[in-house]
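Each residue takes its place number in the sequence, starting with 1.
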Amino acid sequence: MCIHDLFKHKTVFSLEVFPPRRQSSNGRIIKTLYDLNTVQPDFISVTLGAGGTTRSQQTTKIADIIQNTFHVPAVAHVPGLYQTKAQVINLIKQLQQSNVKNILALRGDKIKGLQSEGDFQHANQLVRFIHANFPKIDIAGACYPYPHPESQNYVDDIEHLKLKVDAGCTHLISQLFFDNQTFYNFEERTALAGIHVPIEAGIMPCTSKKQIERITEIAHVPIPEKYRHMMNQYADDPKAIKDAGIAYAIDQIIDLVSHGVDGIHLYTMDKADVTQRIWDATKNIFASKRNQHRHVLS
């Protein structure tokens, strides 16, 4: 199944997981996948670090398990900055052997002290290469409601995103954000630029102050005052801040789905219990939108 076809019929709900660093730890992620499968996601993406060519076996292994054991469409991350064309070809062929037909093409974050291979300086180059050599692979791309940290401004960021879509991306998954209006403004900019592929909103339920601070620093995501106040209010109460983070994510999702978002991509951080609580609170919202869509089609 090509993931982009899902958006024609429903508001998509998908998840992201992190494969363990060592194969000996696979039992933990498999247990997590069993628990996550109860929410019946439309697809599950599997990360691969920017410089992680040596860890690609873990990504392909977990993608294989998702695709063929759990029978959920798997989307494997393929970063390009530190991989050669030959390495990308080998990785895609491994995925194809497991019947994984969907990938998320990324430039990948720059790693201090590590030299780029030089074949792919930008994501659009990677997308074009994969699209030309593997036309049956469905390619998703990443996007930023806020400009990418290396972009000069909003216009520059959208211009680069348009290059990526024109190169062969069939749908987009956004970086996490905590202010829905920022995402709505981003949707307007993409429409004005002639970008008309489905865009999933990336939501991360942060459940500790340390996690929030670390993730927002890495991702360069601004924290709105409302969120900062919540974080400071419950920082010393682990149970309260976890509940507050889940509630905030639920509120974001309900608002986004009500506004007609193409899909929600939940960054699970491999926490099945948090994901289950969010799904239990929002599944009827997704079902209602699905029923509305069927009514329009009929």
Side-chain angles (χ1 to χ4, degrees), residues 1-17 32-45 66 70-75 102 104 138 140 142-143 145 170-191 195-207 224 226-227 230 242-269 271-298:
M1 171 186 289
C2 291
I3 295 299
H4 76 268
D5 288 333
L6 291 171
F7 296 94
K8 299 174 183 177
H9 310 292
K10 63 191 303 187
T11 303
V12 169
F13 181 72
S14 60
L15 310 175
E16 178 182 282
V17 297
T32 298
L33 289 170
Y34 268 109
D35 294 338
L36 290 175
N37 200 40
T38 62
V39 310
Q40 298 179 317
D42 291 303
F43 70 85
I44 300 177
S45 71
I66 292 168
F70 293 97
H71 306 292
V72 175
V75 175
N102 301 278
L104 175 61
D138 193 36
C143 60
T170 64
H171 56 109
L172 301 168
I173 299 174
S174 91
Q175 176 62 279
L176 66 102
F177 58 91
F178 299 112
D179 181 358
N180 284 5
Q181 188 58 51
T182 300
F183 183 81
Y184 300 141
N185 294 342
F186 170 72
E187 287 185 310
E188 290 183 4
R189 293 195 299 273
T190 58
I195 298 172
H196 300 299
V197 298
I199 303 174
E200 270 197 289
I203 299 297
M204 178 178 288
C206 291
T207 55
K226 176 182 177 180
Y227 200 95
M230 177 197 76
K242 180 176 181 178
D243 286 350
I246 291 171
Y248 194 97
I250 290 169
D251 183 65
Q252 278 192 278
I253 291 169
I254 292 172
D255 181 67
L256 287 160
V257 174
S258 300
H259 278 79
V261 71
D262 294 313
I264 299 293
H265 190 65
L266 195 68
Y267 296 106
T268 70
M269 305 300 289
K271 294 181 179 179
D273 63 321
V274 173
T275 303
Q276 184 67 63
R277 285 177 60 180
I278 290 172
W279 177 243
D280 287 344
T282 60
K283 60 185 177 184
N284 290 329
I285 306 297
F286 283 90
S288 178
K289 292 295 290 187
R290 188 162 56 248
N291 291 335
Q292 291 174 29
H293 184 82
R294 288 172 181 166
H295 178 71
V296 170
L297 291 179
S298 62

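For Ser258, the side chain to side chain donor-acceptor pair (under 3.5 Å) criterion is met by no residue, not counting sequence neighbours. Asp243 meets the salt bridge (charged side-chain N to carboxylate O under 4.0 Å, His left out) test with Arg277; sequence neighbours excluded. Residues satisfying the salt bridge (charged side-chain N to carboxylate O under 4.0 Å, His left out) test with Lys271, not counting sequence neighbours, are none. Every residue two or more places apart in sequence or in another chain was checked for a salt bridge (charged side-chain N to carboxylate O under 4.0 Å, His left out) with Asp255, and none qualifies. Legend: residues meeting ring-ring contact (aromatic ring centres under 6.0 Å, His included) with His171, ordered by chain and number and at least two apart, are Phe7. Applying the salt bridge (charged side-chain N to carboxylate O under 4.0 Å, His left out) rule to Lys226 yields no partners; only residues at least two apart in sequence or on another chain are considered.
Judged by distance alone, the side chain of Asn180 and the main-chain N or O of Gln252 form a donor-acceptor pair under 3.5 Å. Remark: the backbone N or O of Gly202 is paired with a side-chain donor or acceptor of Ser174 at under 3.5 angstrom. For Thr282 (side chain) and Ile278 (main-chain N/O), a donor-acceptor pair under 3.5 Å exists by modelled atom type. Judged by distance alone, the side chain of Ser45 and the main-chain N or O of Val75 form no donor-acceptor pair under 3.5 Å. Asp42 contributes no side-chain N or O that, together with a main-chain N or O of Ser14, makes up a donor-acceptor pair within less than 3.5 Å. With hydrogens and angles disregarded, no donor-acceptor distance shorter than 3.5 Å links the side chain of Asp262 to the backbone of Val12.
Closest heavy-atom contact between Asn102 and Cys2: OD1-CA, 3.6 Å. Looking at every heavy atom in both residues, Ile199 comes nearest to Cys143 through CG2-SG, 4.0 Å. In terms of heavy atoms, Val261 sits closest to Ala201 at CG2-CB, 4.0 Å. Smallest separation of non-hydrogen atoms from Thr11 and Phe286: O-CD2, 3.6 Å.
Applying the side-chain contact (heavy atoms from CB on, under 4.5 Å) test between Phe13 and each of Leu266, Ile285, Val257 identifies Leu266 as the sole match.
Taking the six-membered ring where tryptophan is involved, the planes of Phe186 and Phe183 are tilted, since the angle between them lies from 30° to 60°. The aromatic rings of Phe43 and His265 lie parallel to each other, their planes meeting at an angle below 30°, with 60° marking the opposite boundary.
Gln276 is listed as a side-chain neighbour of Thr38, based on a closest heavy-atom distance under 4.5 Å.
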